[in-house]
Amino acid sequence: MKKVITTFASALLLSLTLSSAQESLTSATSTSATERGNAIDGSFFTPSTLPYSVCHMREFLPTTNVPRGNKVYPKPFRHRCMDKQIEALTFVPTGQSEPISWAEGLERNHVDGIIILHRGRVVYERYFSHLTDSTPHAVMSVTKSLTGTLAAALVAEGKLDPDALVTHYIPELAGSGFADATVRQVMDMTTAIQFSEEYTDPNAEIWAFSAAGNPMVVHPEGTPDGYHAYLKEVKQSGTHGVEFGYRTVNADLLGWIVERAGGANVAEQMTNRIWSRMGMEQDAYYQVDAMGTPFAGGGFDATLRDLARFGQMMLQEGRWQGKQILPAEAIDDIRFGGDKEPFARSAYGHKLPGWSYRNMWWRSNNPDGAYMARGVHGQAIYINPAAEMVIVRLASNPNASNTLNDYISLPAYQAVADLLKKQ
């Protein structure tokens with residue numbers, strides 16, 4: 001493994017290799033974890049420094065802003081306190097026989113903040129550790145779902161053809177493994193490429209991708225400089241469209257496609273299409289590479305409440321405060337489109353049985369029609385249409401992989417949904 005970790009992506013990869021333990025290392029409600037580390041050696045992304053870093057990424061890495069705009073709705077939600085009912089909930093973690101309490105679930109998942117909306121009202125809101133109601137928090141791979149949402153909107157508007165080859169929009173990739181892939185295959189992560197995210201393997205391609213995105217060093221001659229430069233070197237392996245494969249490079253390629261089809265990069269489009277139109281309380285931001293390219297696969301940071309606004313807009317078929325922010329067709333395609341078979345064939349098929357993946361959103365296909373955006377270390381936007389519920393959870397769980405946390409998270413979300421459906 002490389003001895004010097006100099007970027008967010010590399011530090012994240014290191015944290016993934018160190019997070020195989022099943023049990024948490026730091027209490028979610030602890031405020032004593034004030035170690036900061038640094039971005040030169042990657043020490044800002046260890047179990048002890050993570051709670052601070054996820055709330056202060058801008059102190060460590062270059063970023064580009066996503067302004068909130070001039071019109072702000074600081075209190076757009078009505079409130080209906082359900083603290084006692086929610087905190088009285090118990091649920092049985094998947095694969096276990098004994099129930100645990102709501103509070104224990106929050107602690108074991110190292111939650112930094114959580115907000116629950118029901119029919120547009122805030123029914124529960126809590127902050128722990130270093131997170132406040134005005135602090136942007138790193139959302140990790142929830143960023144992928146934001147990128148997928150922008151792409152779905154462009155498709156609905158007729159500006160992006162999902163059946164076109166990638167090279168129609170990015171001719172620079174004619175010699176790459178993406179050359180024969182369609183935009184839809186990128187959007188749904190069914191490309192067949194030679195790209196390993198096996199974090200314990202020092203030769204896995206993810207390390208070269210991370211090095212390319214490193215904004216803090218001069219890259220050696222002959223190595224790619226920036227995310228886009230790396231995409232040109234990706235090789236094909238297998239047949240596109242057959243099997244789901246969760247690979248971050250798909251999201252960064254989709255960000256590039258969104259830029260070409262929409263005429264601006266993902267940060268600008270997020271600003272102009274969504275953030276500045278919704279009366280957000282705070283600016284958001286993206287981490288960027290040395291070329292200023294936003295990290296479309298994992299670099300978005302925003303506040304808990306503003307992410308809840310975004311989730312509520314999704315629940316409302318793209319509408320917010322009387323305005324159609326995104327085409328309803330785009331939201332419907334996220335909710336109802338897609339194919340279960342490629343997902344079932346993948347390594348995720350047994351981890352999340354019955355699920356599927358569409359436009360970089362995770363679809364549960366459960367009776368409630370729940371779907372979600374997911375990010376490592378416990379980030380989530382969970383939308384349950386049947387319960388008219390949105391949950392946003394931000395966390396600093398040392399267990400990076402969601403599959404190590406789902407056994408608590410998913411039953412907890414369903415317990416709240418079942419409660420709210422009775423209201």
Side-chain angles (χ1 to χ4, degrees), residues 19-31 33 47 51 80-119 121-129 131 304 308 311 315 348-355 362-423:
S19 64
S20 59
Q22 292 288 334
E23 294 299 321
S24 298
L25 305 178
T26 307
S27 170
T29 55
S30 171
T31 57
R80 179 190 175 203
C81 181
M82 292 186 63
D83 291 5
K84 291 183 179 179
Q85 297 98 311
I86 291 172
E87 290 177 354
L89 288 172
T90 61
F91 58 92
V92 179
T94 303
Q96 299 186 4
S97 58
E98 297 297 321
I100 66 172
S101 69
W102 173 259
E104 185 178 355
L106 294 182
E107 183 171 357
R108 288 170 64 176
N109 274 336
H110 294 258
V111 172
D112 296 327
I114 187 167
I115 188 169
I116 303 173
L117 309 182
H118 181 229
R119 297 173 184 161
R121 296 179 178 179
V122 175
V123 295
Y124 190 83
E125 184 176 9
R126 287 289 185 276
Y127 296 88
F128 307 108
S129 189
L131 190 64
L304 187 70
L315 180 64
Y348 282 87
H350 71 280
K351 298 174 183 177
L352 294 169
W355 285 54
W362 301 78
R363 300 174 60 238
S364 74
N365 300 301
N366 71 4
D368 288 352
Y371 62 103
M372 68 183 301
R374 294 156 59 89
V376 291
H377 297 288
Q379 324 317 317
I381 301 175
Y382 185 89
I383 301 169
N384 185 312
E388 301 175 86
M389 178 188 80
V390 174
I391 298 178
V392 180
R393 185 191 69 187
L394 302 174
S396 50
N397 197 322
N399 292 330
S401 173
N402 277 298
T403 56
L404 295 178
N405 307 316
D406 284 339
Y407 76 106
I408 292 176
S409 304
L410 297 179
Y413 299 155
Q414 191 60 50
V416 180
D418 292 341
L419 170 67
L420 295 180
K421 282 187 286 187
K422 299 174 183 177
Q423 303 301 308

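Every value quoted in this text rests on a predicted model; they were computed, and no experiment measured them.
Here the side chain of Glu87 pairs no donor or acceptor atom with the backbone of Lys84 at under 3.5 angstrom. Not one N or O on the side chain of Glu98 forms a donor-acceptor pair closer than 3.5 Å with the backbone of Gln96. Remark: side-chain polar atoms of Ser364 are paired, donor with acceptor, to backbone N or O of Ala370 under 3.5 angstrom. With Asp112 contributing its side chain and Ser396 its backbone, the two residues share a donor-acceptor pair below 3.5 Å. Put simply, the side chain of Asn384 gets close to the backbone of Ala386: a donor and an acceptor are under 3.5 Å apart.
Lys351 pairs by the salt bridge (charged side-chain N to carboxylate O under 4.0 Å, His left out) definition with nothing, not counting sequence neighbours. Here Arg119 pairs with Glu388 under the salt bridge (charged side-chain N to carboxylate O under 4.0 Å, His left out) rule; sequence neighbours left out. In this structure, the side chain to side chain contact (heavy atoms under 4.5 Å, CB included) partners of Asp83, at least two apart in sequence or on a different chain, are Cys81, Tyr124, Arg126.
Residues Val92 and Pro411 come closest through the heavy atom pair O-CB, 3.6 Å. Summarising the geometry of Asn109 relative to Ala395, their closest heavy-atom pair is O-CB, 3.7 Å, with the distance given to 0.1 Å. Of all non-hydrogen atoms in Arg393 and Gly378, the two that sit nearest each other are NE-O, 2.9 Å. Taking every heavy atom of both residues into account, Gly311 and Ile383 meet most closely at O-CD1, 3.8 Å. Of all non-hydrogen atoms in Tyr371 and Arg363, the two that sit nearest each other are CB-CA, 4.1 Å. Heavy atoms only, all atoms of each residue included: Val416 and Trp102 are closest at CG2-CZ3, 3.4 Å.
Residues Met82 and Ile116 have side chains not in contact (no heavy-atom distance under 4.5 Å, counting atoms from C-beta outward). Using a 4.5 Å heavy-atom cutoff, the side chains of Phe128 and His110 are not in contact.
No option in Gln85, Arg80, His118 other than Arg80 meets the side-chain hydrogen bond (donor to acceptor under 3.5 Å, both in side chains) test with Gln423.
In this structure, Asn402 CG and Tyr407 OH are separated by 13.0 Å, a value rounded to the nearest 0.5 Å. Ser409 OG to Met372 CE: the interatomic distance, rounded to the nearest 0.5 Å, is 7.0 Å. With rounding to the nearest 0.5 Å, the separation of NZ in Lys421 from CG in Asp368 is 3.5 Å. The distance from atom OH of Tyr127 to atom CD1 of Ile115, rounded to the nearest 0.5 Å, is 5.5 Å. With rounding to the nearest 0.5 angstrom, the CD1 atom of Ile100 is 4.5 Å from the CZ atom of Arg108. One distance of note links CG of Asn405 with CG of Asn397; it measures 4.0 Å at 0.5 Å rounding.
No side-chain N or O of Thr94 forms a donor-acceptor pair with one of Asp406 less than 3.5 Å apart.
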